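All remarks here apply to the structure that follows.
Everything numeric here is computed off the predicted structure, so don't read it as measured data. When reading the values below, keep in mind they use all heavy atoms of this one structure, side chains included, and skip hydrogens, waters and symmetry mates.
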Amino acid sequence: MTHFLISFPSAAMVISDEDFPDVVRESHAVIQEAKDAGVYVFGGGIDEGVAPVLVAGDGTVTNGTYPQSTRLDGGYTILNLPSREAALEWAKKIAVACRCSQEVRAFQYDPLV
């Protein structure tokens, strides 16, 4: 089994106020399906109202993030799945519910996790 990150940036989710309740209901239904299937690990959206900070090894805290980083926002779901193909199927379900394309990435295996 591999943990997969399925995500989208906030700008990708362009929906009308009229469609918003359906998107919420449908996306929650997909997450419940993942929970029922036993593959759900974690999910949520970045709270864009809370500014990021960068913490150095010496404990120094700096407002902002890495200079070379682009803005980190949007929604994220982590699922534990048997294959990339399974991740693509779940990403398709999330894309339909959220009305936007999803990016899929695999986490590298860590034997201590």
Side chains of [X] and [Y]: closer than 4.5 Å at any heavy-atom pair?
| X | Y | result |
| --- | --- | --- |
| L79 | Y40 | yes |
| D36 | Q32 | yes |
| W90 | T77 | no |

>> Testing the basics here: between V104 and A87, what is the closest heavy-atom pair and its distance to 0.1 Å?
In response: CG1-CB, 3.9 Å

> What are the two closest non-hydrogen atoms of A86 and S83, and how far apart are they?
Replying inline: N-OG, 3.1 Å

Got a second to check how far [X]'s [atom1] is from [Y]'s [atom2], nearest 0.5 Å?
| X | Y | atom1 | atom2 | result |
| --- | --- | --- | --- | --- |
| E103 | L5 | CD | CG | 7.0 Å |
| L81 | T2 | CG | OG1 | 8.5 Å |
| S101 | M13 | OG | CE | 12.0 Å |

> What residues form a side-chain hydrogen bond (donor to acceptor under 3.5 Å, both in side chains) with T60, not counting sequence neighbours?
Replying inline: D58

Give every donor-acceptor pair under 3.5 Å between a side-chain atom in residues 23-31 and any protein atom, sequence neighbours left out.
unit_1 : atom_1 : unit_2 : atom_2 : d
R25    : NH2    : D22    : OD1    : 2.9
E26    : OE1    : R99    : NH1    : 2.9
E26    : OE2    : R99    : NH2    : 3.4
S27    : OG     : V23    : O      : 2.9
S27    : OG     : V24    : O      : 3.1

> Just by modelled atom types, is the A106 backbone N or O under 3.5 Å from a matching donor or acceptor in the Q108 side chain?
Replying inline: no

Path from [X] to [Y] over hydrophobic side-chain contacts below 4.5 Å:
| X | Y | answer |
| --- | --- | --- |
| L72 | F42 | yes |
| M1 | F107 | no |
| Y76 | V41 | yes |

>> Does K92, at its NZ atom, have more than 12 non-hydrogen atoms belonging to other residues, nucleotides or ligands within less than 6.0 Å?
In response: no

Side-chain polar contacts of residues 44-57 - donor-acceptor pairs under 3.5 angstrom, sequence neighbours left out - could you list them?
unit_1 : atom_1 : unit_2 : atom_2 : d
D47    : OD1    : G49    : N      : 2.9
E48    : OE1    : R71    : NH2    : 3.0
E48    : OE2    : S10    : OG     : 2.3

